Peer 1: 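There's a structure below that I have some questions on.
Keep in mind that what you see is a predicted model, and the values were worked out from it rather than measured.
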Amino acid sequence: MNDQRLDQLEDWLEIFFDDANFTLSKASDDASFRRYFRIERSNLSFIAMDAPPAKENSKLFIEVANLLRDNHVHAPKIIDADLAQGFLLIEDLGSTTFLQALNGKTNLDLYKLAIDELIKIQKIDVKTHSLNHYDQALLNTELSLLVDWYLPKNTQLQTITDLNHLFDKLIQNSLNSPQVFVHRDYHCRNLMLTHDKITIIDFQDAVIGSNTYDLVSLLKDAYFELSVAEIQALLVYFYEQANIQSSFAEFEQQFDLMGLQRHLKILGIFKRLSIRDGKHQYLDNIPLVKKYVSQMADKYPEFSLLKALL
């Protein structure tokens, strides 16, 4: 099957390098329309990103990468870009993801490294940059994914009404917490381990939002499960290192409800990836996400509807 965009990418790289003396291999896909390829040439390695301009905002990717790097956060350097075609040539951060570094075992020291980097990210002065806000409209749109894609089409109207009341509580929880730079997908597949340092990828959807959102993404990951005790220990670590001003009980509740918002959204997204995009592998991660939701429904009786519904 002819891959027209891959042919166009190779043509673009030939112009950049002024010859065709390179090899190209698939590096990774993700849940979006982007694709990544590893380019090897003269003992050097680069990553080429194919991001169809009608589907992906490469300009924002570049802006956020530069913002992170300007604030001493290790994000990939942009070497060249063609925004019209949707091609980027970026620094190769290696092939060891946070998930691969864990190697199926919990490593709290590795998680603390990721938390330290997250705290650094949250210190970025977002007031001087034009990031979108994780506002009520966006939060509501995300929660609607559960209804639109995950729940049966014949779900009763009263159930939808009850759900919307719960959604309002989750939205207010997010809006009433400290607002910081939010990566929006800060989890084990979007962090790399490069020379024993945490490096950040897949940050182009960054917004200004709750200080617990990225922490939830990391500690209640859809792709790797920590025990309740491990999550608690790391939550305390973040609370102390970030010098959170509210009480720990208040902070923990904000964290819990932020996680509930994220996991309800993810249920809708994973189902949509399967139904709409044919990416059925994400269905394998639904049981863990449902487990997170059930745990919160048990912990907070006002959300018990969710356990019965899911």
Peer 1: Heavy-atom distance under 4.5 Å between the side chains of K169 and H165, does that happen here?
Peer 2: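 No, too far: nothing below the 4.5 Å cut-off.
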Peer 1: Please check if the number of heavy atoms outside D7 that lie under 6.0 Å from its CG is greater than 12.
Peer 2: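 Atom CG in D7 is crowded, with more than 12 foreign heavy atoms closer than 6.0 Å.
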Peer 1: Could you tell me whether the side chains of E252 and Q232 share a donor-acceptor contact shorter than 3.5 Å?
Peer 2: yes
Peer 1: For the residue pair D256 and K220, establish whether any side-chain heavy-atom pair is separated by less than 4.5 Å.
Peer 2: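 When only atoms from C-beta onward are counted, K220 and D256 do touch, with a gap below 4.5 Å.
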Peer 1: Sequence neighbours excluded, which residues qualify as salt bridge (charged side-chain N to carboxylate O under 4.0 Å, His left out) partners of K123?
Peer 2: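 Not a single residue meets the salt bridge (charged side-chain N to carboxylate O under 4.0 Å, His left out) criterion with K123.
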Peer 1: Start with the C-alpha gap between F203 and F61, add the side-chain angles, then the distance that decides, and say whether side chain to side chain contact (heavy atoms under 4.5 Å, CB included) holds.
Peer 2: CA-CA 7 Å; F203 41 70; F61 181 96; 3.7 Å; yes
Peer 1: Would you call L145 and I266 a side-chain contact if the rule is heavy atoms closer than 4.5 Å?
Peer 2: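 Not in contact.
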Peer 1: I would like to know whether R35 and E56 meet salt bridge (charged side-chain N to carboxylate O under 4.0 Å, His left out); could you show each step before the answer?
Peer 2: CA-CA 11 Å; R35 296 186 297 175; E56 302 292 341; over 6 Å; no
Peer 1: For a quick check under 3.5 Å, do S217 and H187 share a side-chain donor-acceptor pair by atom type?
Peer 2: no
Peer 1: When rounded to the nearest 0.5 angstrom, what is the spacing between CG in L146 and CG in L143?
Peer 2: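 Rounded to the nearest 0.5 Å, the CG-CG separation comes to 8.0 Å.
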Peer 1: Indicate, with yes or no, if the rings of F17 and F46 have centres closer together than 6.0 Å.
Peer 2: yes
Peer 1: Could you give the distance from CD (E240) to CG (L235), rounded to the nearest 0.5 Å?
Peer 2: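 Separation between the atoms: 10.5 Å.
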Peer 1: For the residue pair K26 and F37, would you count it as a cation-pi contact if the rule is NZ or CZ under 6.0 angstrom from the ring centre and within 45 degrees of the ring axis?
Peer 2: no
Peer 1: Atom CZ of F270 and atom CD1 of I286: how far apart are they, to the nearest 0.5 Å?
Peer 2: 7.5 Å
Peer 1: To the nearest 0.5 Å, how far apart are CG in L215 and CZ in F255?
Peer 2: 5.0 Å
Peer 1: Under a 4.5 Å cut-off applied to non-hydrogen side-chain atoms, are F16 and D82 in contact?
Peer 2: no
Peer 1: I need the single residue from V216, D202, L218 that forms a side chain to side chain contact (heavy atoms under 4.5 Å, CB included) with Y186. Which is it?
Peer 2: L218
Peer 1: Check whether any side-chain heavy atom of Q241 lies under 4.5 Å from a side-chain heavy atom of K112, and answer yes or no.
Peer 2: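 Heavy-atom side-chain distance check fails, nothing below 4.5 Å.
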Peer 1: Who passes salt bridge (charged side-chain N to carboxylate O under 4.0 Å, His left out) against R184, sequence neighbours left out?
Peer 2: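 Listed in chain order: E142.
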Peer 1: Does some side-chain heavy atom of L310 sit less than 4.5 Å from a side-chain heavy atom of L151?
Peer 2: yes
Peer 1: If I take atom CG from residue N211 and atom CZ from residue F181, how far apart are they, to the nearest 0.5 angstrom?
Peer 2: 14.0 Å
Peer 1: Go through the steps for E225 and K291 under the test salt bridge (charged side-chain N to carboxylate O under 4.0 Å, His left out), then give the verdict.
Peer 2: CA-CA 10 Å; E225 184 179 9; K291 181 179 178 179; 2.6 Å; yes
Peer 1: Tell me yes or no: between the side chains of Q158 and T161, is some donor less than 3.5 Å from an acceptor?
Peer 2: no
Peer 1: Would you check if M296 and K307 make a side-chain contact, meaning some heavy-atom pair closer than 4.5 Å?
Peer 2: no
Peer 1: Can you confirm whether the side chains of N140 and Q136 place a donor and an acceptor under 3.5 Å from each other?
Peer 2: no
Peer 1: D92 and R38: salt bridge (charged side-chain N to carboxylate O under 4.0 Å, His left out), yes or no, with the steps?
Peer 2: CA-CA 8 Å; D92 187 354; R38 179 161 280 107; 2.8 Å; yes
Peer 1: Parallel, tilted or perpendicular, judged at 30° and 60°: which one describes the rings of Y300 and F303?
Peer 2: perpendicular
Peer 1: For S177, does its backbone N or O pair with a side-chain atom of Q179 as donor and acceptor, under 3.5 Å?
Peer 2: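 Yes, Q179 side chain to S177 backbone: donor-acceptor pair under 3.5 Å.
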Peer 1: Give the C-alpha distance, both sets of side-chain angles, the deciding distance and a yes or no for salt bridge (charged side-chain N to carboxylate O under 4.0 Å, His left out) between K271 and D148.
Peer 2: CA-CA 10 Å; K271 200 71 174 292; D148 296 340; over 6 Å; no
Peer 1: Taking atom types as modelled and ignoring hydrogens, do the side chains of D116 and Y237 form a donor-acceptor contact shorter than 3.5 angstrom?
Peer 2: yes
Peer 1: Does a side-chain heavy-atom distance below 4.5 Å link F98 with D221?
Peer 2: no
Peer 1: At their closest point, which heavy atom of E10 faces which heavy atom of F22, and how far apart are they?
Peer 2: O-CZ, 3.9 Å
Peer 1: Will you find, in the side chains of T194 and T199, an N or O donor that is under 3.5 Å from an N or O acceptor?
Peer 2: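 Result is yes, a qualifying pair exists.
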